[in-house]
Amino acid sequence: MHDIRALRADPAAFDADLARRGIEPVSAKLLAWDEERRQAQTVLQEKQGRRKALAREIGTLKRSGGDSSDLEAEGLALRAEMEALEEEVDALGRESTALLANLPNRLDATVPDGPDESANVVQHEWGTKPTFTFTPKQHFELGEMLKQMDFATAAKLSGSRFVVLRGSIARLARALGQFMLDLHVTEHGYTETQVPVMVNDDAMYGTDKLPKFADQSFRTEDGRWLIPTAEVPLTASVSGDILEALALPLRMTALSQCFRSEAGAAGRDVRGMLRQHQFEKVEMVSVTIPEESDAEHERMTRCAEKVLEELNIPYRRVLLCAGDTGFGAAKTFDLEAWLPGQDAWREISSCSNTRDFQARRMNARYRPQAGAAPAFVHTLNGSGLAVGRTLIAVMENYQNEDGSITVPDVLRPYMGKIEKIS
RNA sequence: GGAGAGAUGGCCGAGUGGCUUAAGGCGCACGCUUGGAAAGCGUGUGUACGUUAAUAGCGUACCGAGGGUUCGAAUCCCUCUCUCUCCGCCA
């Protein structure tokens, strides 16, 4: 959600910012509605004041046995006028909100221009791509050879874009989740959190998944949503709060199942575990004061990178361009892991600073100093990491010619000390 | 799933249509008092929007949420949400 006051102060800058995302200018329309609404509201407030005075006079008259019929008639007439005005004020507010709720966040000045992922900018690369004396296989070939990754059974149970894992691959997935969670909790200062995977409209709206992306998520029959990411419950946990400045930053992490309908992704990544309706992810969320969110963004991205470094998986950090930056983000770094089987870099994490965009939608604030007026917090979210995709990266990078998979050192404590899956 | 009771400011709590401009208490802040503190006394104490140069004033709204009745609603009516108690079911 945008600050109408910021828009009033500099409408040209507002339109110019959104133009980078290909949005038509809207400030003139919004400002006209805003002007109209404020005028109507002022008149309405005057009438409310008159109503208050009238009611008090009538009360006093009645107690002393006087005749209040003239005043009551005025009150009745006043009510009719106010109903029309109220409707006008509400309607103008609704129209503005409906438009504003569908406008993406303003971009950080450092975000490069560009229409799509082709204009993203690689910031740095880490690690050495493994060399093989054979042609490396894709993860689903390895998984099916091991008979521990079963798409056919998942299809029988649930349909396409689901998987059944068994044996050591299932354990590897569990090990990865535990390892990541432990790393963020014990070394990165995040608070381990277990969250509901079903949430209401407010939580989805506050984290900018509604109204625009309703078709990307699954809705239950009783009107709840299966979370597309633990970002939703973690971030929305501070909705409506006024936090103490001393309590910030808040750092939370959760391992959760995530559910995405993948509408519009028909035909993309249909093979394997890369794009599923259900997957596990370790999510990090930070809530900070505005002055610190840029530093927190870098810190969070480093926390995600650390997971890949500990696992010794080559990756690169990519700064998303204007056209590829998500709806709610002011700036996003993606981490892309090297997948030898695919011979490609694939997204494995996405770390975003939404600044006060989500905080406004969910009314999450803090008090800068004792006695000072509350101000909006900044919220950040990042994957640390997507477990399913990390499983793929481990399998493809650690594969051997015979189809076995060497277990990365840091995961062996979680794998009963076994060194190889075969 | 069934039956019942609730939701009032940071907290406790009064309030069954106008005398409430939400009583009273606790907490907190400031002041007086004191050698210093406690006690005591006094004053203040939320959020949003509008107006404004103003985070000063002034105005309006807000008693779980949303509707309704009324000249007037914390109070009456309807719907919903959440909490608690008992019963049933259940990992």
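Reminder, nothing fancy here: chain letters follow the sequence lines and each chain counts from 1. Predicted model only: the values in this text are computed from it and were never measured.
Between A/K47 and A/E86 no salt bridge is recorded (no basic side-chain N to carboxylate O distance below 4.0 Å). Under 4.0 Å is where a charged nitrogen must lie from a carboxylate oxygen, and between A/R251 and A/E296 at least one such pair does.
Within 4.0 Å of A/R360, counting heavy atoms only, lies no atom of the nucleic acid at all. Among the protein residues, A/R50 comes within range of no part of the nucleic acid, since none of its heavy atoms lies under 4.0 Å from any strand. Using a 4.0 Å heavy-atom distance criterion, A/G59 is classed as a base contact. Within the 4.0 angstrom heavy-atom criterion, base atoms lie near A/I58.
Look at A/R367 and you'll find a side-chain N or O under 4.0 angstrom from OP1 or OP2 of B/U47. Listed pair A/R51 / B/U60 fails the phosphate criterion, with no side-chain N or O lying under 4.0 Å from OP1 or OP2. At the phosphate of B/C71, neither OP1 nor OP2 sits under 4.0 Å from any side-chain N or O atom of A/R56.
Ring centers of A/H277 and A/F162: under 6.0 Å apart, within the cut-off.
Around atom CZ of A/R8, more than 12 heavy atoms belonging to other residues, nucleotides or ligands sit under 6.0 Å away.
Distance check on atom C1': B/C89 versus B/C78 gives 32 Å, rounded to whole Å. Taking atom P on both B/G10 and B/U69, the two are 31 Å apart, rounded to the nearest angstrom. The gap from the P atom of B/U83 to that of B/C77 amounts to 24 Å, rounded to the nearest Å. Taking the C1' atom of each, B/G27 and B/C19 are spaced 30 Å apart, rounded to whole Å.
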### Query
Taking only Watson-Crick and G-U wobble pairs with both distances under 3.5 Å, what dot-bracket line describes RNA chain B, where [ ] shows pairs that cross earlier ones and | shows pairs with another strand?
((((((((.[[[..)..(.....]]]((((((.......))))))((((((.....)))))).[[[[[..)....]]]]])))))))....

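Evaluation of atom-type donor-acceptor distances gives a pair under 3.5 Å for the side chain of A/Q45 against the base of B/G59.
A straight line from CZ of A/R38 to C1' of B/U51 spans 10 Å, rounded to a whole angstrom.
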